[in-house]
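These numbers come from a predicted model, not from an experiment. Order of the sequence lines sets the chain letters (A, B, ...), proteins ahead of strands, with each chain counted from 1.
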Amino acid sequence: DQQVKQNSPSLSVQEGRISILNCDYTNSMFDYFLWYKKYPAEGPTFLISISSIKDKNEDGRFTVFLNKSAKHLSLHIVPSQPGDSAVYFCAASQTGGGNKLTFGTGTQLKVEL
Amino acid sequence: GAGVSQSPRYKVAKRGQDVALRCDPISGHVSLFWYQQALGQGPEFLTYFQNEAQLDKSGLPSDRFFAERPEGSVSTLKIQRTQQEDSAVYLCASSLASGGANVYEQYFGPGTRLTVT
C-alpha cells in the first residue's frame, strides 16, 4: 500500500522554464513533508520541507505548495537549470511516528538546453 | 564538515553469505536511520536509533536483518544468509535530536549497493 505517490516517473522541461513535480499522499496523519533530490550513485539530498500548518514554503528557486484537503503537494522550480536534472523524491512523516520518512517512487527530471 | 559516510560502497555476496554494512553519521547527530532502496523505487524505512537505543525496527523485512549502534555513533546493519531479494541499495541517514526545528530533516549517506548472486 503506497502511502506517498508520485505518478509521473519522468518530466522533461526546457532550461529557464518552470518545473512542477507532483506528489499525493493517503495517510491523513502525515504532518511534515520533504523533497529530496538524488543524483546517480549518491544519497538523497534534502531540498525543502513544509509543515502541515503552512500551505507554502519558498527557498530561492524552489517553492513547495501543500493542499491538505486534496492530500497533494507540489514542488516548483523556477527557472529550471540543467544542474537540476536528477530524481526528485517526495517524503512524508508524522509526529509520534519516530521521525521515519515514507518516500514516493520518485520523478526523473530532465532539464534540456 | 563531514557528511554521513558508508562502507563498503559496493558489496557482492554469494547467496547464503553474511554481510555487514557500516554507517558513520554526522558528528553530534543523535538519530540514525537505515533505509532499503530497490531498483526504481523510493527508499523504504528499515530501522531507527536514538543514541544507542533502537526505537523502531518495524521495517526490517525478516529476522535475518539485524542492526546495532552500541556506542550511539557508528551503526552496523547485518544481513545473515543473504538472499537474492536482498539486493538493493542500503542507505543510512542521520538527524539532530528530536525537538528542534529541523527534526525531520535527515542527511543521507551515499549508500551501499548490495548484489547477491
Side-chain angles (χ1 to χ4, degrees), chain A residues 1-10 21 23-25 27 29-54 57 59 62 64 66 73 86-108, chain B residues 3-10 21 23-26 29-50 53-60 67 88-113:
Chain A
D1 149 31
Q2 194 76 22
Q3 297 187 66
V4 177
K5 300 177 187 177
Q6 293 176 258
N7 292 319
S8 298
S10 64
L21 296 98
C23 178
D24 297 289
Y25 62 97
N27 186 344
M29 299 299 291
F30 287 145
D31 56 6
Y32 201 83
F33 303 89
L34 308 89
W35 284 94
Y36 280 83
K37 173 179 175 180
K38 186 181 182 306
Y39 293 118
E42 294 183 12
T45 303
F46 170 76
L47 203 52
I48 192 169
S49 62
I50 188 167
S51 164
S52 60
I53 62 172
K54 296 185 175 181
N57 188 27
D59 183 1
F62 303 92
V64 56
L66 175 63
L73 63 155
V87 177
Y88 289 78
F89 289 100
C90 169
S93 187
Q94 66 182 80
T95 302
N99 296 357
K100 68 182 179 187
L101 298 177
T102 301
F103 284 85
T105 52
T107 296
Q108 171 79 60
Chain B
V4 178
S5 62
Q6 292 186 245
S7 61
R9 291 292 312 274
Y10 303 90
L21 313 179
C23 172
D24 283 86
I26 293 172
H29 277 196
V30 169
S31 298
L32 186 146
F33 304 81
W34 285 98
Y35 293 84
Q36 180 190 58
Q37 185 176 14
L39 193 62
Q41 302 297 313
E44 290 197 5
F45 171 79
L46 292 177
T47 187
Y48 159 57
F49 290 86
Q50 192 163 82
Q54 190 174 21
L55 298 186
D56 187 345
K57 51 183 181 178
S58 62
L60 295 176
V89 175
Y90 290 86
L91 293 163
C92 175
S94 69
S95 72
L96 292 170
S98 60
N102 294 323
V103 59
Y104 298 109
E105 186 177 318
Q106 297 179 18
Y107 296 85
F108 283 81
T112 295
R113 180 177 294 279

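Taking the side chain as every heavy atom from C-beta outward, A:Leu73 and A:Tyr25 approach each other to under 4.5 Å.
Contact of B:Leu55 with chain A is not made at all, since no heavy-atom distance falls under 4.5 Å. Only the side chain of B:Gln37 comes within contact range of chain A, with at least one heavy atom under 4.5 Å from a heavy atom of that chain. In this structure, no portion of B:Thr112 lies under 4.5 Å from any heavy atom of chain A. For B:Arg113, no part lies under 4.5 angstrom from a heavy atom of chain A.
Panel note: side chain B:Gln106, backbone A:Asn99; a donor-acceptor pair is recorded below 3.5 Å.
Side chain to side chain, A:Ser49 and B:Glu105 fail the donor-acceptor criterion of an N or O pair below 3.5 Å.
With chain B as partner, the option from A:Pro44, A:Gly106, A:Ser51, A:Ala91 having the largest number of non-hydrogen pairs under 4.5 angstrom is A:Pro44.
A:Gln3 is linked by a side chain to side chain donor-acceptor pair (under 3.5 Å) to A:Asn27, counting only residues two or more places apart in sequence or in another chain.
Ring planes of A:Phe46 and A:Tyr36: perpendicular class, angle over 60° (limits at 30 and 60°).
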